[in-house]
Amino acid sequence: MSALMCRVELNKAEGIVITLENKDGNIKHTMVFNGEDITTTSEGDSGTSTITQAPDKITMDCKTFELTAETISCSASDTTDLSSGGDFTINSDANLNAKAAVDVSVDGVNIDLSGSAQISATAPLIKLQ
């Protein structure tokens with residue numbers, strides 16, 4: 001491991017800046033506490049990732065985001081949006097359950113449904129066109 005350069009800057013106008021540089025690995029980690037938010041940046045040859053935390057928002061910007069846990073629980077008191085500029089895949093090694101209090105909409109150029117044992121549909125009115 002190469003020698004690391006560590007620096008802590010204290011400034012009443014700019015805030016606190018903590019920097020750790022690994023010149024041999026061409027990696028630089030920086031934390032900035034500026035009085036408005038906290039920004040953590042990691043820079044290297046493979047890219048840059050940034051986490052910004054403000055009192056009302058946390059933003060992450062990176063090339064690859066990975067999360068591993070035994071249990072993950074996410075909830076929103078308002079809207080949840082998930083989107084992808086490429087393929088979007090959902091997998092489960094057990095049951096996959098989707099439920100809505102009002103409507104469920106699925107839209108696509110081609111929609112394929114398949115079941116290895118059965119496909120069931122139950123409603124007072126089932127409309128196929």
With a 4.5 Å heavy-atom cut-off, do Ile90 and Leu96 have their side chains touching? yes
NZ of Lys63 to OG of Ser46: how many Å apart, nearest 0.5 Å? 6.0 Å
Same cluster or not: Ile126 versus Ile119, using hydrophobic residues (I, L, V, M, F, W, Y) connected whenever any side-chain heavy atoms lie under 4.5 Å apart? no
Taking the side chain as C-beta and beyond, is there a heavy-atom pair between Gln53 and Asp37 under 4.5 Å? no
Taking atom CD1 of Ile18 and atom CZ of Arg7, what is their separation to the nearest 0.5 Å? 11.5 Å
With a 4.5 Å cut-off on side-chain heavy-atom distances among I, L, V, M, F, W and Y, is there a chain of contacts connecting Phe65 to Ile51? yes
Go through Thr40 and Thr30 one step at a time and tell me if the side-chain contact (heavy atoms from CB on, under 4.5 Å) criterion holds. CA-CA 6 Å; Thr40 304; Thr30 307; over 6 Å; no
Say whether, by atom type as modelled, one donor and one acceptor occur between the side chain of Asn95 and the main chain of Asn97 under 3.5 angstrom. no
Kindly compute the distance separating CD (Glu14) from CD (Glu9), expressed to the nearest 0.5 Å. 9.0 Å
Taking everything shown except Asp56 itself, do over 12 heavy atoms lie less than 6.0 Å from its CG? yes
Examine Leu82 and Val104 and state if one hydrophobic cluster contains both, with Ile, Leu, Val, Met, Phe, Trp and Tyr joined whenever side-chain heavy atoms are less than 4.5 Å apart. no
In Å and rounded to the nearest 0.5 Å, what is the OG1 to CG distance from Thr41 to Asp61? 9.5 Å
How about Ile38 and Val32: do any of their side-chain heavy atoms sit closer than 4.5 Å? no
Leu20 versus Cys6, closest heavy-atom pair with distance: CD1-SG, 3.2 Å
Between Leu10 and Ile16, which heavy-atom pair has the shortest distance, and what is it? CD2-CG1, 3.7 Å
Measure the NZ-NZ distance between Lys28 and Lys23 for me, rounded to the nearest 0.5 Å. 8.5 Å
Gap between atom SG of Cys74 and atom CG of Leu67 - 0.5 Å precision: 7.5 Å
Shortest non-hydrogen pair, Asn11 vs Ala13, comes out as OD1-N, 2.7 Å
Set of side chain to side chain donor-acceptor pair (under 3.5 Å) partners for Asn91, sequence neighbours left out: none
Same apolar cluster (I L V M F W Y, side chains within < 4.5 Å links), Leu113/Phe88: no
